[in-house]
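Heavy-atom basis, side chains included; hydrogens, waters and symmetry copies ignored.
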Amino acid sequence: MEKLSYEEAVTELNEIISKLENGNVSMTDALCLFEKGQVLIKICYDHLDKAKGKLTEIKETIDNIEEV
């Protein structure tokens, strides 16, 4: 799967959820959608972890400036 942005991954996850909630998919398709959803969730978590790291760096920089 190509590198998706957070927003793209969330959009795809919402589409998968809609398909699964609709109930008009076979068991095989549901399992494939579920697996794809797990990959998309990992992509989202990776983006969130990266954003959290950047926010932590910014906070530490601000804290260091305030101490000076």
When rounded to the nearest 0.5 Å, the distance separating CG of Leu48 from CG of Leu55 is 10.5 Å
Rounded to the nearest 0.5 angstrom, the NZ-NE2 distance for Lys42 and His47 is 10.5 Å
Between Lys3 and Glu8 the two heavy atoms that sit nearest each other are O-OE1, 4.4 Å
Nearest heavy-atom approach of Ala30 to Val25 is CB-CG2, 4.0 Å
Output for pair (Cys32 SG, Lys19 NZ), nearest 0.5 Å, gives 11.5 Å
Between Ile43 and Ala9 the two heavy atoms that sit nearest each other are CG2-CB, 4.0 Å
- request: Check the pair Lys36, Leu40 against side chain to side chain contact (heavy atoms under 4.5 Å, CB included), reporting the backbone distance first and the verdict last.
  value: CA-CA 6 Å; Lys36 183 175 181 181; Leu40 292 168; 4.2 Å; yes
Output for pair (Glu12 CD, Ile41 CD1), nearest 0.5 Å, gives 12.5 Å
* Indicate if Tyr45 and Leu4 have the same hydrophobic cluster label, given that clusters are the connected sets of ILVMFWY residues with side-chain heavy-atom separations under 4.5 angstrom. => yes
Is the backbone N or O of Glu60 less than 3.5 Å from a side-chain atom of Asn64, with the two atoms forming a donor-acceptor pair by type?
-> yes
Margin query: Is there a path of hydrophobic side-chain contacts, each under 4.5 Å between heavy atoms, that joins Val39 and Leu13?
Written below: yes
Practice item. Using the rule that two of Ile, Leu, Val, Met, Phe, Trp, Tyr join whenever any of their side-chain heavy atoms come within less than 4.5 Å, decide whether Val10 and Ile17 are in one cluster. Key: no
query = Linking I/L/V/M/F/W/Y whenever any side-chain heavy atoms sit under 4.5 Å apart, do Leu31 and Leu20 land together?
reply = no
_Under a 4.0 Å threshold between the charged nitrogen and the carboxylate oxygen, would Lys59 count as salt-bridged to Asp63?_
yes
